[in-house]
> 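Quick one: the structure is below, questions incoming.
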Amino acid sequence: MTRTSNRTYWAAGTAVLLALLFAVAATVASASGGDGDGSRTSARAPGLYSPDAGFARDMAVHHQQAVEMSFIVRDRTKDEPVRGLAYDIANTQANQRGMLLGWLDLWGLPKVVADEPPMSWMGTAGHGAAGHGAAGHDMSGHDMPGHHMGGATAKPGALMPGMATKEELAQLGAAEGRDAEVLYLQLMTDHHKGGVAMAQGCAQQCETPAERALAQGMVEAQQSELTLMADMLKQRGAAPRG
C-alpha cells in the first residue's frame, strides 16, 4: 500500500468516524427532545427539498453504483492493488451511504421523491416546496440526455454526472484482467469527479454540520483517490477518459 493510498483511506475513515459521531449525537438529542423541547428539535430538521435532504438522497444513489462497480471488478481481476482499492471504496461508500439514509430517517424524510430531478438541490439552495419545479427543472423526474443539473452535466444514459451507464456496467462485468482494471479505474475516475462536485455543493450549501463535515471529507478523500487512480492507470499504460 502506497503512502498516497494510506492517506486516502485515512481521510475517508476519518470522515466516516466524524459523521458517525455527529449522527449518534443527533440521534440522542432527537430521542431526548434536544434542549428539553422536542418541537424545537423537529423544527430544525431539513425540509423535503433542502440541499441537506437532496444531497443525502442523491449521494446515496451515487455511492451505491460505486459499491456495485467495486464488487464487479473484484471478481474480474486478481491484481491486488486494484482489488484493495475496490474494497476500500466499497467499504467507505457503503458506510457513508448508510449514514446518509439514516439521516433521512432521523429527519422523517423519504429516501425517494418522485418529482425531484437529480441534483436539482445544487442550484436551488434554500428553496421550499413552493419553489420546487422552478424554470429549468424537468418535473418528470427523469433524466434527459446531456442535461445540466446544478452546473454539472450527466452523459446520455446516466442518472447523474460521473455515473456509469448500464452499457458501461455490462462492459465492466464482461472484461477481465488488465482490461477490467483499466475500465474500472476510468469509470471510477469519472464517478469520483461527479461525486466531488456534488459533495462540494453540500459542503457549501448544507446547513447540517455533520453532513457538511461528511461532504468535505468526501471531497478530500476522493480527490486523493483521483490522484492515486491516475497513477494506477499510468502504470497500466492508460489514462483517464476525456
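Below, each value reflects all heavy atoms present in this structure, side chains not excepted, and no hydrogens, waters or symmetry copies.
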> Which residue pairs pass the salt bridge (charged side-chain N to carboxylate O under 4.0 Å, His left out) test with at least one member in residues 177-196, sequence neighbours excluded?
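Checked against salt bridge (charged side-chain N to carboxylate O under 4.0 Å, His left out) - neighbours excluded - the pairs reaching residues 177-196 are Glu181-Arg236, Asp190-Arg241.
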> Heavy atoms only: give me the nearest Leu172-Ala180 pair and the separation to one decimal.
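That would be CD1-O, 3.7 Å.
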> Do the side-chain N and O atoms of Gln216 and Glu220 include a donor-acceptor pair separated by under 3.5 angstrom?
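Indeed, the side chains of Gln216 and Glu220 share at least one donor-acceptor pair under 3.5 Å.
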> Tell me every residue that passes side chain to side chain donor-acceptor pair (under 3.5 Å) with Arg212, counting only those two or more places apart in sequence or in another chain.
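For Arg212 there are no side chain to side chain donor-acceptor pair (under 3.5 Å) partners, ignoring immediate neighbours.
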> Determine whether a donor-acceptor pair (N or O, by modelled atom type, separation under 3.5 Å) exists between the side chain of Glu168 and the backbone of Leu187.
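The answer is no, because no donor-acceptor pair under 3.5 Å joins these two groups.
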> With rounding to the nearest 0.5 Å, note down the distance linking NZ in Lys166 to CG in Leu169.
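The CG atom of Leu169 is 9.5 Å from NZ of Lys166, to the nearest 0.5 Å.
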> Is Arg74 close to Val82 at the side-chain level, that is, under 4.5 Å between some pair of heavy atoms?
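A side-chain contact under 4.5 Å is absent here.
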> Has Ser120 got a side-chain atom pairing as donor or acceptor with Pro117's backbone, closer than 3.5 angstrom?
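Yes; at least one donor-acceptor contact below 3.5 Å.
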> If you take all heavy atoms of Leu85 and Leu185, which pair is closest and at what distance?
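In terms of heavy atoms, the two residues are closest at CD2-CD2, 3.8 Å.
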> Can you list the residues that meet the salt bridge (charged side-chain N to carboxylate O under 4.0 Å, His left out) rule with Arg83, with sequence neighbours excluded?
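With sequence neighbours excluded, Arg83 shows a salt bridge (charged side-chain N to carboxylate O under 4.0 Å, His left out) to Glu80, given in chain and number order.
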> Is it the case that the side chain of Thr77 and the backbone of Asp79 share a donor-acceptor pair, with hydrogens and angles ignored and the cut-off at 3.5 Å?
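Side chain of Thr77 to backbone of Asp79: a pair is present.
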> Would you mind listing every disulfide bond (SG atoms under 2.5 Å apart) that reaches into residues 67-100, with sequence neighbours excluded?
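Those involving residues 67-100 do not exist here.
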> Can you pull the disulfide bond (SG atoms under 2.5 Å apart) pairs that have at least one residue in residues 205-242, sequence neighbours excluded?
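Applying disulfide bond (SG atoms under 2.5 Å apart) to every pair that reaches into residues 205-242, excluding sequence neighbours, yields Cys202-Cys206.
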> How long is the span from the CE atom in Met188 to the CG atom in Leu233, to the nearest 0.5 Å?
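Nearest 0.5 Å value for the CE-CG distance: 12.0 Å.
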> With side chains defined as the heavy atoms from C-beta onward, is the minimum distance between Ser50 and Glu207 less than 4.5 Å?
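SC-SC contact between Ser50 and Glu207 ruled out.
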> Which pairs, with at least one residue in residues 50-110 and sequence neighbours excluded, count as a disulfide bond (SG atoms under 2.5 Å apart)?
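Residue pairs passing disulfide bond (SG atoms under 2.5 Å apart), neighbours aside: none found.
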> If you look at every heavy atom in Leu109 and Ala53, which pair is closest and at what distance?
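Closest heavy-atom pair between Leu109 and Ala53: CD1-CB, 3.7 Å.
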> Can you pull the salt bridge (charged side-chain N to carboxylate O under 4.0 Å, His left out) pairs that have at least one residue in residues 48-71, sequence neighbours excluded?
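Passing the test, one end in residues 48-71: Arg57-Glu116.
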> Taking the side chain as every heavy atom from C-beta outward, state whether Leu159 and Gln65 have any atom pair closer than 4.5 Å.
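No, side chains not in contact.
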> Would you name the heavy atoms of Arg76 and Ala175 that are closest together and state the gap between them?
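Here Arg76 and Ala175 meet closest at NE-O, 2.8 Å.
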> For Val196 and Met218: C-alpha separation, side-chain torsions, deciding distance, then whether side-chain contact (heavy atoms from CB on, under 4.5 Å) applies.
CA-CA 7 Å; Val196 165; Met218 289 179 186; over 6 Å; no
> Once side chain to side chain donor-acceptor pair (under 3.5 Å) is applied, do any residues pair with Lys111, and if so which ones, sequence neighbours excluded?
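So Lys111 forms a side chain to side chain donor-acceptor pair (under 3.5 Å) with Asp105.
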> Output all residues satisfying side chain to side chain donor-acceptor pair (under 3.5 Å) with Gln204, sequence neighbours left out; order by chain, then residue number.
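Gln204 satisfies side chain to side chain donor-acceptor pair (under 3.5 Å) with no residue once adjacent residues are dropped.
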> Can you tell if the side chain of Gln223 reaches within under 4.5 Å of the side chain of His192, non-hydrogen atoms only?
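Sidechains of His192 and Gln223: no contact.
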> Test of understanding: with side chain to side chain donor-acceptor pair (under 3.5 Å), list the residues that count as partners of Gln64, not counting sequence neighbours.
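Applying side chain to side chain donor-acceptor pair (under 3.5 Å) to Gln64 gives Arg97.
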> If every non-hydrogen atom of Ala94 is compared with every non-hydrogen atom of Val67, which pair is closest and at what distance?
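It is N-CG2, 3.8 Å.
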> With ring pair (Phe, Tyr, Trp, His ring centres under 6.0 Å) as the rule and sequence neighbours excluded, what pairs involving residues 60-102 come up?
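Ring pair (Phe, Tyr, Trp, His ring centres under 6.0 Å) check on residues 60-102 returns His62-His191.
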> Test: disulfide bond (SG atoms under 2.5 Å apart). Region: residues 208-242. Which pairs qualify, not counting sequence neighbours?
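Qualifying pairs: none.
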> When the ring centroid of Trp121 is compared with that of Tyr49, is the distance short of 6.0 Å?
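No, they do not, as the ring centres are separated by 6.0 Å or more.
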> Do Leu104 and Pro110 touch side chain to side chain, with heavy atoms closer than 4.5 Å?
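Not touching, per the 4.5 Å side-chain cut-off.
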> Is Pro51 close to Met122 at the side-chain level, that is, under 4.5 Å between some pair of heavy atoms?
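Side chain of Met122 against side chain of Pro51, heavy atoms only: no contact under 4.5 Å found.
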> Give a yes-or-no answer on whether the side chains of Ser70 and Tyr184 include a donor-acceptor pair shorter than 3.5 Å.
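Indeed, the side chains of Ser70 and Tyr184 share at least one donor-acceptor pair under 3.5 Å.
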> Grab the two heavy atoms, one from Met119 and one from Pro161, that are nearest each other, plus how far apart they are.
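Of all heavy-atom pairs spanning Met119 and Pro161, the closest is SD-CD, 3.3 Å.
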